[in-house]
Every structure is written in C-alpha cells, then in structure tokens.
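Since the structure comes first, as structure tokens, the remarks are kept for the end.
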Amino acid sequence: MKIGILNLQGAVSEHYDITKKAIENLGINAECENVRYADDVASCDGIIISGGESTVIGKIIFERGIDKIIKENNIPVFGTCAGMVLLAKKIDFNQPLLGLMDIVVKRNAFGSQKNSFESNIKFLGEDFNGVFIRAPAISSYDKTKDDIKVLATLDDQVIAIKQGHNIACSFHPELTDDTRIHEYFLKEVLQCVE
Ligand code: GLN
C-alpha cells in the first residue's frame, strides 16, 4: 500500500514524518511518498492533503489534473485544515474544490492566524490535543447520507468528519507526535486495498 502526501504547498513534511511513524506503529506493509503530479498520485492508494493555503493548493490540483485522477480511481483522501476546505462540496468562498464530501465548510471559522490556539478535543471519544491555525469548521453536512460520520466536535462545531473513506479534519494532527488519527486513515485505506 502506498500513501501519497500531496506536496504542492503547506505543511507537507510534518505529514510525511507522522505517516511514516503511523505505518511503523501499525506494523503494516506500506510506504509513503511525497507526490506532486497526477501520475504520481495515480500510483497511490491514499492521499493526504496538508494544511496550507487552500486557494493555492486547489489551483495546482486542477492545473495538474490531480482532481480527475483522485475521482476516477476513488482514492481515499485525508485532508487537514486547507485539505478539509478542498474536500468540501461547498464553502463560503469562490475557489476550486475537490468536492468529495457532502459538507459545507466555513474558512477561517476560528479567526485569523493570531487567533491560533490549542485545545483538548475528543475524537471518537478519545482525548487529543487539537492544534488550530486559521482553521475551518463544518457549518453543515448532508444528514441524509448514511456514509457520513462525525468524528469530533468543539463547542458544537464539527471539526472532524468522515464520508466513505475520506476524512476531513479542521486541526493539525501532523503538528503533534500523536499518530492515532493518521493510523485511523491508514486503516481506512487498508480496507480499500484488501
Ligand atoms: N484558512 C486556510 C485556508 O482556507 C487554511 C489554514 C491552514 O491550513 N492552516 O486555506
């Protein structure tokens, strides 16, 4: 199994390092690689989209035809922060989106860079340190879809959600040493390759 870390812009190396650790912890036969072009993405079983600037990452995704490859091959995507924005079907801003999840996302829902904060959050009932940097939040999601599951909330706002094998997360697990959320995504991808 191969996990591609989309290396276009943003906090890419942190995702690479934590994904490597998560693979080791799970003891699975998998590799991870930074990917930049559609052909590299096509060889992956799962893709991680980092935090960064979603307008920039989205523009390059479309210019390089990466959106088509992900959709044609149904490649599971784990998006953090800017990655969450790109997974949404609808947001409060006009920009290119992958639109893989039936969620509506509000960008910068917790304020600007200087309002960055860390908070204890519960992800599927377990405690985590959530790192929020110009973080988006999910303002609504399609409750008629059986394949959607809320994974975490903060003050009534949904901050992590899954639909099918795609996972969107407002905060940055890659900026901690905690591999559990990456392990959760790896297990999703494993289900698709088995
Ligand atoms: N607010 C940024 C955006 O919408 C995301 C910030 C981040 O990834 N840290 O692109």
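The first residue in the sequence is number 1, and the count goes up from there. Just follow the structure's listing: the first ligand is 1, and inside any ligand the first atom is 1.
Inclusion of Ser54 in the set of residues having an N or O under 3.5 Å from an N or O of ligand 1 is warranted. Backbone and side-chain nitrogen or oxygen atoms of Ile133 are examined, and one is located within less than 3.5 angstrom of a nitrogen or oxygen of ligand 1. Looking at ligand 1, you won't find any N or O of Thr55 less than 3.5 Å from one of its N or O atoms.
Of all the heavy atoms of Arg107, the ones lying under 4.0 Å from any atom of ligand 1 belong exclusively to the side chain.
Annotation: side chain of Phe93 is in contact with side chain of Thr55 (closest heavy-atom distance under 4.5 Å). Taking the side chain as every heavy atom from C-beta outward, Asp146 and Ile148 never approach each other to under 4.5 Å. Contact annotation: the side chain of Met84 approaches that of Ile138 to within less than 4.5 Å [non-hydrogen atoms, C-beta and beyond].
The environment of Lys71 atom NZ is dense: over 12 non-hydrogen atoms of other residues, nucleotides or ligands sit within 6.0 angstrom.
Scanning the protein heavy atoms around atom 1 (N) of ligand 1, the nearest turns out to be Asn108 OD1, 2.6 Å. Scanning the protein for heavy atoms near atom 7 (C) of ligand 1, the closest one is Cys81 SG, 2.8 Å.
Every atom of ligand 1 is numbered from 1 in the order shown, and the set under 4.0 Å from a heavy atom of His172 is 9 (N). Near Gly51, with a cut-off below 4.0 Å to any heavy atom, the atoms of ligand 1 are 8 (O). When each atom of ligand 1 is checked for a heavy atom of Gly52 under 4.0 Å away, the hits are 2 (C), 5 (C), 6 (C), 7 (C), 8 (O), 10 (O).
Aromatic ring centres of His172 and Phe132 lie farther apart than the 6.0 Å criterion allows. Taking the six-membered ring wherever Trp is involved, the centroid distance between the rings of Tyr184 and Phe78 does not fall below 6.0 Å.
Judged by distance alone, the side chains of Gln95 and Ser54 do bring a donor and an acceptor atom under 3.5 Å apart.
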